[in-house]
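Inspection log for the structure reproduced underneath, given as structure tokens.
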Amino acid sequence: MSDAPASTRLASAYEPREVEDRIYAFWEEGGYFRARVVPGEAPYSIVMPPPNVTGELHLGHGLEDAITDTLVRWHRMQGQPALWLPGEDHAGIATQNVIERELLKEGIDRRDLGREAFAARTWQWVRKLRPRIYEQHRKLGASADWSRDVFTLDPRVVRAVRTTFVNLYRDGLIYRGLRMINWCPRCGTALSDLEVDYAEEEASLYYVRYPVVGEGGMALPDALSVATVRPETMVADTGVAVHPEDARYEDRIGRTVLLPVVGRELPVVADEAIRPEFGTGALKVTPGHDPLDWEIGQRHDLDAIVAIGPDGRMNEEAGPYAGMEVAEARAAIVSDLEDGGFLERTEPYTHSVGRCSRCDAVIEPLPGEQWWVAVNKEYRPGVSLAGAAAAAVREGRIRIVPARLARTFLNWTDNMRDWCISRQIWWGHQIPVWYCACGETIVAIDDPAACPVCGSAELRQDEDVLDTWFSSALAPHADLGWPDDSEDLRYFYPTTDMQMGYDIMFFWSARMVMFGLYNMRAHAPDGDIPFRTVLFHGLIRDANGEKMAKSRGNVVDPLVAAGVYGADAFRFALLTASTLGQDMKYSEERMAAARNFANKLWNTARYVLMQMEGRHIRRPLAADREMLALEDRWLLSRLEGLEGEVDSLLTAYQLGEAGRRIQGFIWNELADWYVEMSKVRLREGDERPLAVLAHALDHGLRLLHPMMPFVTEELWGRLRERLDGDFAVALIVAPFPKSAGVWRDEAAEAAMDHVIEVNRAIRNLRAEKRVAAGARPTVYLRAAGQADVLRETAAATAFTSRVEPLVTGAGADLPAGEYAFARVGGTEVALALPEVDRAAERGRLERELAESEGQIARLERQLRNERFLERAPAAVVQGERDRLAQAGVRAAGLRERIAALGG
RNA sequence: GGGCGGUUAGCUCAGAUGGUUAGAGCGCUGCGUUGACAUCGCAGAGGUCACUGGUUCGAAUCCAGUAUCGCCCACCA
């Protein structure tokens, strides 16, 4: 791009398609994404939340790329070695489901294929998907270090996972245990609590009569009623429970009831967990199918019968109902209960039903042998996985943005329960545990060759794989090389920032903190945390506020949006659409607006470059300030103010606000005012604006580059050829502007504000009075304090407002004739008119007077308030006095003019 | 049952530590082809900042409460 001929004119509209690929290739060829280790320099590092290899990127990834790339580029431009570490996630259940669906299309069941072949097939898919994911990131301009790309099944990650597993196991933080689990019958695996989504669903509450058994096993006419939403689990009932202090059932405790239909005798036990006010106050206890019942069963030594199989069908324990789906069995049992006279009544009932977050199947609570992480067990005195994570946030070692989400984070870590990490699927990190026929269990990082006890080589590896989030939890340190003591790990860890949607706060951030602190604990107190700051962005919904989902058909492909509007526009639109932590609605209009901004920037640059054509420009020096015109000093002062604002906003992660301010400067100050004012001077041979234009464009492009990298790089490349000075070879590595404070000029800003307001007043009068567009009426500017300023900018006023301005003192007389009047501060604007509608003019002036008097009344009230005078800062009080004085002058002028118009 | 967020112009949203007459984009109205840009320019209309009370010289902003929409967490038979 730097070899573009200097005479090349820019197209009149920005064409992203002709720029983006070329610029991205230019960056890659320059190696700018590759982070170097520079001892002594503080690095910046951020790990990409690895997209699942299930498919293409969605809008959320687009937003993440925009956020991350902005931060990385900003730090890179500040000279820091900046690492954006990309990756992809194998996404166990999600990917397995995708492949299963693919196979199903070919009529193949994965079980017929076998584990090995299934994995081979899935690897094939991964090899196809990863390049597509890279391609998408590239289109969006992501300056990630692809040379360090990590896939969560890479051998080195496998080693990190196994090492973590073994260490946790040896510390007693991983154990195998029989517990109540969430079973997805569709996926055929256990799930963690987080992977179950609960939703209210309409159901029925069945009241069922359990006859009381008398002495000798005779059924009495007496019965005990229970209420249940799951009558099909009756076949696995092993007791009935009541509250110990429930007077209604006092005499039933310890007796026996008869399970209808099945005919089994069940003990009546007393348990504190029973809520006497619910239903009948008596609970049928089914330890095999309900978490609460499981606990009650444990306390009272009741058997756990499992009557629903892993496939979600009733099994042989269900007797006559065996083989039925749960719903079928429910209907059949209800019908049988009715026939037997056991069904007392049925009421409609709404309760929450858990469904698999991956496939939406209804979750069955089942007892199962699974691997667990003991999150609350201490591995050092007073330190547990969950406790350490909470402490890191409480103590401020890890900062959460927005801060309010720290409460949510802590609420989770403070109440965390053991984490079920084993999954009965094939795609993932197989658990590094081997069983020998002799009974020995081997837990090891490397595959063992033989049993250390009996020497047998006949070892069977545990068939389960780990929860995908187990490997994700290692992301920062494992991606940087842990368990090796790699140079990257030493230099880039702890990472600086982390960024993700708040929806995966618990899945990912909390677990990364737990495992980071555990695995890196030798580097405590400061080197153990996985990241210093974690940002949680909101979710992108569709234009109606609905969650985007493939099943709803409302997803927007980021590449399509970026293709239509340009990657820069896409990024800028998302960054400025909302604030961190807040959801946003996707809006085509916003995309178009951002596209228009890119085009505005393009054309502003086009103008500047055309003016510079054939010259070499020296940038303005603060020492020459007195040589510059008012608007020059104004623009440079505004620019420097902007640089300070952008710096503090980006430091505070207020990316959107920073973007809006840069846009405001470029469009409303540089393009709308400075460029317009420069035209007249340049035409008359005053070349001073060139240096100012070039400098403002240069810095504007630098400020905007992190958010809109393509168009800025393209333009900057053309600009640097014509600017003197020691320039970086590319904008991506050019220094980010820092406000040096040399150009701040409050007097110039105040003066230009006045000039702008005067011009606005003139144009307003023109429009109101319907002065013909081509007419150049005289305008008298009777100025009190700002006469010099108005004279200095008179040529610009003449040009931009299409008038002949005459600046006079405040008291100067006006030639006879008709005028339209306006007042701006100490300046009275009198626009000469061919004729005037007296009544209309009088009405307008009276409206203005009323407004002015209202303001005066308010200010006087304020200034009579002694407490205000006493307590408000002097500057504020003075400001109010000044305003009152101005309002007085304005009102007086209006009254004078109304009088002059006569009755 | 706990916790959190939203409520600001017709629409979508900004308003970081309380301080001019509350902003932007889109939309709307009027005018405009002045060689950077019609993906544009100029001007304009449009808001009791959800409501009530409080703190303060001063509140969209801080506090308490209310309404409403939404989200998260919790073993709601």
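Everything quoted here is computed from the prediction, not taken from an experiment. As a basis for the values below, the full set of heavy atoms in this structure was taken, side chains included, without hydrogen atoms, waters or symmetry mates. Below, chain A is the first sequence line, B the second, and so on; all start at residue 1.
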Output the single nucleotide from B:C76, B:U12, B:C40 whose closest atom is nearest the side chain of A:N596. B:C40
Indicate whether OP1 or OP2 belonging to B:A43 is found under 4.0 Å from a side-chain N or O atom of A:R760. yes
Judged by each residue's nearest nucleotide on RNA chain B, which is more toward the 5′ side, A:A773 or A:R230? A:A773
Gap between atoms CH2 and P, on A:W667 and B:C26 respectively (whole Å): 7 Å
Contact class for A:A605 (heavy atom, under 4.0 Å): base, sugar-phosphate, or nothing? nothing
Heavy-atom pair of closest approach, residues A:V824 and A:A761: CG2-CB, 3.7 Å
So what does A:F597 touch, heavy atoms closer than 4.0 Å: a base, only the sugar-phosphate, or nothing? nothing
Among side-chain atoms of A:E344 and A:S225, is any donor-acceptor pair under 3.5 angstrom? yes
In whole angstrom, give the distance that lies between atom CG of A:D503 and atom C1' of B:G5. 15 Å
Whole angstroms only, please: what is the CG-P distance between A:L292 and B:C76? 8 Å
Heavy atoms only, 4.0 Å cut-off, all strands: where does A:R590 land among base, sugar-phosphate and nothing? base
Backbone of A:E613 reached by a side-chain donor or acceptor of A:R722 within 3.5 Å: no
Is it true that the side chains of A:Y502 and A:T408 contain a donor and an acceptor less than 3.5 Å apart? no
Given B:A36, B:C26, B:C75, which nucleotide is nearest the side-chain atoms of A:R606? B:A36
Per atom distances to the A:E657 side chain, the nearest of B:G15, B:C26, B:A77 is B:G15
Answer with base, sugar-phosphate or nothing: what part of the nucleic acid does A:T408 contact at a heavy-atom distance below 4.0 Å? nothing
Pairing annotation in dot-bracket form, given for RNA chain B with Watson-Crick or G-U pairs under 3.5 Å and | for cross-strand partners: (((((((..((((.....[...)))).(((((.......))))).....(((((..]....))))))))))))....
Could you tell me whether A:E676 contacts a base, only the sugar-phosphate backbone, or nothing, with contacts defined as non-hydrogen atoms closer than 4.0 Å? base
A:S648 side-chain proximity, nearest of B:A36, B:A77, B:A16: B:A16
Quantified in whole Å, what is the P atom distance between nucleotide B:A77 and nucleotide B:U68? 27 Å
B:G5, B:U39, B:G25: which one has an atom nearest the side-chain heavy atoms of A:A13? B:U39
Closer than 4.0 Å, any side-chain N/O of A:S587 to the OP1 or OP2 of B:U12? no
Side chain of A:E295 (C-beta onward), nearest among B:A77, B:A43, B:C75: B:C75
With heavy atoms under 4.0 Å as the rule, sort A:A273 into base, sugar-phosphate or nothing. nothing
Can you check the A:L649 CG to B:U17 P distance for me, whole Å? 12 Å
Would you say A:R766's side chain and A:P777's backbone share a donor-acceptor pair under 3.5 angstrom? no
Regarding the side chain of A:K585, the nearest nucleotide among B:A77, B:C13, B:G41 is B:C13
A:T280, A:V257, A:V208 screened by side-chain contact (heavy atoms from CB on, under 4.5 Å) with A:L224, the one that passes: A:V257
Selected nucleotide, minimal atom distance to A:R407 side chain, candidates B:G3, B:G41, B:A16: B:G3
Within the 4.0 Å heavy-atom criterion, would you say A:K679 contacts the bases, only the backbone, or no part of the nucleic acid? base
Walking RNA chain B from its 5' end, the first of A:R763 and A:R660 to be reached, judged by nearest nucleotide, is A:R660
Give the nucleotide from the list B:A36, B:C26, B:C76 with an atom nearest to the side chain of A:S352. B:C76
Between P of B:U12 and CG of A:D583, the distance in whole Å: 14 Å
Counting heavy atoms from C-beta on, name the nucleotide in B:G30, B:U39, B:C37 closest to the side chain of A:E15. B:U39
A:R802 CZ to B:U34 P, in whole Å, measures 10 Å
Can you check whether A:N764 has a side-chain N or O nearer than 4.0 Å to OP1 or OP2 of B:G44? yes
Assign A:A227 to base, sugar-phosphate, or nothing according to its heavy-atom contacts below 4.0 angstrom with the strands shown. base
Examine distances only and state if a side-chain atom of A:R248 and a backbone atom of A:P276 form a donor-acceptor pair shorter than 3.5 Å. yes
To the nearest Å, give me how far apart CD (A:E200) and P (B:C71) are. 12 Å
Say whether A:T797 and A:N759, considering side chains only, have a donor N or O and an acceptor N or O under 3.5 Å apart. yes
Whole angstrom value for the distance that separates C1' of B:A38 from CZ of A:R595: 12 Å
Crowding at CD, A:E746 (>12 non-hydrogen neighbours, <6.0 Å): no
Contact class for A:V675 vs. all strands (heavy atom < 4.0 Å): base, sugar-phosphate, or nothing? base
Can you tell me how far CE of A:M708 sits from CZ of A:F597, rounded to the nearest 0.5 angstrom? 6.0 Å
Classify A:R417 by what it touches in the nucleic acid, base, sugar-phosphate, or nothing, heavy-atom distance under 4.0 Å. sugar-phosphate
Counting the atoms with a prime plus P, OP1 and OP2 as sugar-phosphate, which does A:T579 contact under 4.0 Å by heavy atoms, base, sugar-phosphate, or nothing? sugar-phosphate
